[in-house]
Amino acid sequence: MDATGDCDLTYLLGRDYVQGRMQDGKTQPLTMNFKICNVNLEKVKEYIRANPEQFPCLKGDAGVIEKAPRLSMGGYIDLLKRAIAEKRVSFLREDVLFFETNTKGELIVNTTRVLDVDPTDPVDLTRAEILGRRQAMELFQLLKKEVGGFEDAILEYTGPFIGVRSSRQIVGKHTFSAQDVLNGTEFPDTVAYGGYPIDIHCPDGLAKEEEREARFTSGKVYRIPLSCMYGEVRNLITVGRCISATFEAQAAIRVSPIAGAIGHAGGVAASVCASSGTDIQDVDIQVVKDILREQDAYMESSF
Ligand SMILES: Cc1cc2nc3c(=O)[nH]c(=O)nc-3n(C[C@H](O)[C@H](O)[C@H](O)COP(=O)(O)OP(=O)(O)OC[C@H]3O[C@@H](n4cnc5c(N)ncnc54)[C@H](O)[C@@H]3O)c2cc1C
């Protein structure tokens, strides 16, 4: 089993893999997350209520922030636009995105963007980590100086590693596609499900308007088949964000809960192969599904 995120085993075996978007091989930008504390979230919410147009994800309804147990928000679009134009931040991004943690006044900021990186090249990755930490400091200073509620914020830490959204992926028996996401294609060997939309952080920095809209058109359940998890290498099962998928479809299945569901399914399939002495392409898919259901994996009742 290969759960390396980069399908290292396929690469080391010298077998075919793909990386990045089709036209130029560019992957999604890398992001250095950082954690801050001592944020006055009441003040942050006051600003959001007064300026909902700065937070497009609210779609004009700032009332949703009262219902959410924790504040997850993307916005401050004019502030960021101005800071980019004045070169006070050195990266391109549409909005400042942060997530409140379980600790009062603490946020994880997921906003920096390092472009044009090959995440499988250690030298490039090191360069990206240096740039990512620099960008994090720029943004932290901007928030502290210009955003209500962040005046007394303290930078706790930047991530131990820069975050990679996409890198190498296997070429599987089936390549999961944007159509499979949007149409919820049914497969006889569906073993995992997802509900996260196609969320492409644009490899060019700023997404075009139509691309931004496109990534929010999904929202339904889609079905992920086992045949995306293996290709020509006998009994090599690959799970997580590096399964066989187009650039667009990978941008949906890459998130933690879905990567976890894929890992669960791949692991169960591997155990059934091992105990029954079958190769992965011949595994009894009903047995795999039954075990997944027994282990409380989400499975549609008709499967
Ligand atoms: C900045 C950023 C923000 C994100 N935000 C969210 C979010 O808010 N919600 C969400 O659900 N998802 C989010 N994601 C996506 C999600 O975190 C990842 O896509 C997901 O963790 C991928 O899971 P994975 O198991 O495929 O790979 P990983 O989580 O990368 O796990 C791969 C593991 O394999 C290990 N490994 C690699 N090579 C080897 C080797 N040769 N030998 C042994 N071990 C090895 C690695 O150390 C790592 O622990 C975010 C991603 C990024 C980059």
Side-chain angles (χ1 to χ4, degrees), residues 1-13 17 19-20 26-35 57 68 70-74 91-102 106-115 117-122 124-125 128-129 131-133 135-136 139 157-170 172 176 192-203 205 215 218 222 224 228-230 236-245 247-267 270 298:
M1 295 217 38
D2 183 341
T4 60
D6 298 327
C7 69
D8 280 2
L9 287 179
T10 293
Y11 170 74
L12 292 170
L13 286 165
Y17 65 89
Q19 182 165 317
K26 285 189 181 186
T27 62
Q28 293 194 49
L30 281 66
T31 291
M32 177 59 76
N33 277 357
F34 59 95
K35 204 179 241 189
C57 59
R70 283 180 294 280
L71 185 65
S72 299
M73 189 51 63
F91 58 90
L92 297 173
R93 171 119 193 192
E94 303 85 0
D95 55 359
V96 176
L97 177 66
F98 60 74
F99 303 90
E100 184 182 355
T101 73
N102 290 333
E106 186 183 65
L107 302 177
I108 293 172
V109 185
N110 172 351
T111 300
T112 69
R113 258 184 196 169
V114 186
L115 307 178
V117 179
D118 177 354
T120 63
D121 174 355
D124 228 13
L125 204 51
E129 292 217 338
L131 281 176
R133 287 186 216 287
Q135 294 179 2
L139 181 59
Y157 49 83
T158 53
F161 304 109
I162 194 160
V164 174
R165 293 187 172 84
S166 60
S167 62
R168 289 187 293 249
Q169 290 168 248
I170 64 160
F176 198 57
Y193 297 81
Y196 189 70
I198 295 174
D199 178 14
I200 301 172
H201 292 243
C202 184
R215 67 186 190 189
S218 181
Y222 44 85
I224 303 165
C228 295
M229 304 177 204
Y230 61 89
L236 173 58
I237 303 174
T238 301
V239 294
R241 66 172 167 81
C242 52
I243 63 166
S244 186
F247 178 72
E248 292 76 18
Q250 194 272 354
I253 59 92
R254 67 186 174 85
V255 287
S256 308
I258 306 176
I262 293 169
H264 187 185
Y298 174 84

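Just so you know, ligand 1 is whichever comes first in the structure, and atom 1 is the first atom listed for that ligand.
In the candidate list Val239, Asn110, Val164, Leu12, Asn110 is nearest to atom 3 (C) of ligand 1, counting heavy atoms. Considering only non-hydrogen atoms, atom 22 (C) of ligand 1 lies nearest to Arg254 out of Gln250, Arg254, Met32. The heavy atom nearest to atom 32 (C) of ligand 1, out of those in Ala3, Ala251, Ser166, is found in Ala3.
Side-chain N or O atoms of Asp124 include one that pairs as donor or acceptor with a backbone N or O of Asp118 at under 3.5 Å. A distance-only check finds no donor-acceptor pair linking the side chain of Arg254 to the backbone of Ala259 [under 3.5 Å]. Of the possible polar contacts, none joining the Arg168 side chain to the Cys242 backbone as a donor-acceptor pair under 3.5 Å is found.
Among all non-hydrogen protein atoms, the one lying nearest atom 26 (O) of ligand 1 is Arg241 N, 2.8 Å. Protein heavy atom closest to atom 23 (O) of ligand 1, with residue, atom name and distance, is Ala259 CB, 3.6 Å. Of all protein heavy atoms, the one lying nearest to atom 17 (O) of ligand 1 is Ser256 OG, 3.5 Å. For atom 40 (C) of ligand 1, the nearest non-hydrogen atom of the protein is Thr4 CG2, 3.9 Å. The closest protein non-hydrogen atom to atom 41 (N) of ligand 1 is Asp8 OD2, 3.3 Å. If you check which protein heavy atom lies closest to atom 52 (C) of ligand 1, you get Arg165 CG, 4.1 Å.
Here CG of Asn110 is found 12.0 Å from CZ of Phe98. Values are rounded to the nearest 0.5 Å. With values rounded to the nearest 0.5 angstrom, Phe99 atom CZ is found 8.0 Å from Asn33 atom CG. Atom OG1 of Thr158 and atom NZ of Lys35 lie 12.0 Å apart (nearest 0.5 Å).
Within a 4.0 Å radius of atom 34 (O) of ligand 1, the protein contributes at least one heavy atom. Within a 4.0 Å radius of atom 7 (C) of ligand 1, the protein contributes no heavy atom. Protein non-hydrogen atoms do not reach within 4.0 Å of atom 28 (P) of ligand 1. Contact annotation for atom 47 (O) of ligand 1: protein absent (non-hydrogen atoms, distance under 4.0 Å). Atom 19 (O) of ligand 1 is approached by the protein to below 4.0 angstrom, counting heavy atoms only. In this structure, atom 10 (C) of ligand 1 has protein heavy atoms in its sub-4.0 angstrom surroundings. Under the 4.0 Å distance rule, the nearest protein heavy atom to atom 44 (N) of ligand 1 falls outside the cut-off.
In summary, the atoms of ligand 1 found under 4.0 Å from a heavy atom of Pro257, numbered by their order in the structure, are 11 (O). Set against the non-hydrogen atoms of Gly163, the atoms of ligand 1 under 4.0 Å away are 53 (C). For ligand 1, the atoms closer than 4.0 angstrom to any heavy atom of Val255 are 10 (C), 11 (O), 12 (N), 15 (C). Heavy-atom proximity to Gly240, at under 4.0 Å, picks out these atoms of ligand 1: 26 (O).
Residue Ser167 is tested with Gln19, Arg241, Gln28 for a side-chain hydrogen bond (donor to acceptor under 3.5 Å, both in side chains); the sole match is Arg241.
Taking both residues in full, the closest heavy atoms of Leu30 and Ala128 are given as CD2-CB, 4.2 Å, listed atom of the first, atom of the second, then distance. When all heavy atoms are compared, the tightest approach of Ile224 to Ile253 is CD1-CG2, 3.7 Å. Of all non-hydrogen atoms in Leu9 and Asp2, the two that sit nearest each other are N-OD2, 2.8 Å.
Applying the 6.0 Å contact sphere to CZ of Phe247 captures more than 12 heavy atoms from other residues, nucleotides or ligands.
Ring geometry for Tyr222 against Phe176 counts as tilted: the plane angle lies between 30° and 60°, on a 0 to 90° scale.
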